Amino acid sequence: MLRLLHIIATPRGEESRTLQISEPFLAAFLEKNPGWIVDELDLGNEALPSLSMKSVSGKYVLLQGKEIFGSLRESWAEILQHIERFKTADLFLLSVPMWNFSIPYMLKHYIDLIVQPRYLFRYREDGSVEGLVKNKKMIVITSRGGSYGGELERFDHQEPYLRTIFGFIGISDIVFIRAEPMDMGEEMQKRKIVEAKEATLKLLADFHA
Ligand SMILES: Cc1cc2nc3c(=O)[nH]c(=O)nc-3n(C[C@H](O)[C@H](O)[C@H](O)COP(=O)(O)O)c2cc1C
């Protein structure tokens, strides 16, 4: 079985515009690809471990090329589980609205947990970085209250950030589907959701596992 990890970074459940696009996409995806399962990670309902002084020190242990050892192993057990769940997925779907020109904090928290040296990236001897999540695709479905084409593009710290951080760990094949603007009238909202749904189906038609 191949596994699609669906990372949900909106707490709005049934009210979510982003999920109005992701959910029919996933249903169509599973219909077309019966050999896959969807593993849903709902960050709004997930008690992610906090990054305390102790747990953060693990990152520095790894940066020194050492293993997580002693009592750190216990505080890192959950972090390692999240890293493993991420790293062993075959495809990623991110459902993420724009929050304050960037990403919701729960997704940033998740990224801060999983992006660890030795597991998701490593430094080569010449100082360059090697991303360790190789040959995997990511689909990002996003919705935004406003619209960030043209002059307002410089306010968009969401897409450039996500491309940078996931590119850093090796995922360079990232497709974005944007529904925007969502908060400028109901008619516009409905139209843009329909257009985004159509874009996901077009993407699916071209998708080969
Ligand atoms: C805390 C918060 C911050 C937001 N910040 C922005 C923003 O910076 N730019 C924007 O265009 N929309 C912003 N929005 C609006 C959402 O991006 C928009 O309503 C989106 O469709 C919500 O997606 P959802 O329904 O899937 O949660 C914000 C919404 C919230 C709740």
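Just so you know, ligand 1 is whichever comes first in the structure, and atom 1 is the first atom listed for that ligand. Computed from a predicted structure; not experimentally measured.
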Tell me the protein heavy atom at minimum distance from [atom], and give that distance in Å.
| atom | answer |
| --- | --- |
| atom 10 (C) of ligand 1 | Y148 OH, 3.2 Å |
| atom 15 (C) of ligand 1 | D183 OD2, 3.5 Å |
| atom 5 (N) of ligand 1 | N100 N, 2.8 Å |
| atom 22 (C) of ligand 1 | P97 CB, 3.6 Å |
| atom 21 (O) of ligand 1 | S143 OG, 2.7 Å |
| atom 8 (O) of ligand 1 | F101 N, 2.8 Å |

Whether [X] side chain and [Y] backbone form a donor-acceptor pair below 3.5 Å:
| X | Y | answer |
| --- | --- | --- |
| H109 | P49 | yes |
| E180 | Y148 | yes |
| K32 | L204 | yes |

For this session: Could you tell me whether E67 and R118 make a salt bridge, using a distance below 4.0 angstrom between a side-chain N and a carboxylate O?
Result: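 A salt bridge links E67 with R118.
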For this session: May I ask you to decide whether E159 forms a salt bridge with R163, counting only side-chain N to carboxylate O separations under 4.0 Å?
Result: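 Between R163 and E159 there is a salt bridge, with a charged N closer than 4.0 Å to a carboxylate O.
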Exercise. Which of parallel (below 30°), tilted (30 to 60°) and perpendicular (above 60°) describes F121 and F168?
Worked result: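 Rings of F121 and F168: tilted, as their planes differ by 30° to 60°.
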Does any N or O atom in [X] lie less than 3.5 angstrom from one in ligand 1, N or O only?
| X | value |
| --- | --- |
| G145 | yes |
| G146 | yes |
| W99 | no |

Under 4.0 Å from a heavy atom of [X]: which atoms of ligand 1 are those, numbered in the order shown and with their elements?
| X | value |
| --- | --- |
| M182 | 21 (O) |
| T18 | 23 (O), 24 (P), 26 (O) |
| R12 | 24 (P), 25 (O), 27 (O) |

Problem set entry | R17 CZ to R144 CZ distance, which is reported to the nearest 0.5 Å |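 Reported value, rounded in 0.5 Å steps: 13.5 Å.
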For this session: Starting at OG of S95, measure out to CG of L43 and round the result to the nearest 0.5 Å.
Result: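 Here the rounded value is 10.5 Å.
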Taking 4.0 Å as the limit for heavy-atom contacts, which would you say applies to [X] with ligand 1: side chain only, backbone only, both, or neither?
| X | result |
| --- | --- |
| F155 | neither |
| T10 | side chain |
| R17 | both |
| M98 | both |

For this session: Would you please test S143 and K192 for side chain to side chain donor-acceptor pair (under 3.5 Å) and show each step?
Result: CA-CA 9 Å; S143 71; K192 293 295 173 181; over 6 Å; no
For this session: Tell me whether the centres of the aromatic rings in F92 and F166 are closer together than 6.0 Å.
Result: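 Between F92 and F166, the centre distance exceeds or equals 6.0 Å.
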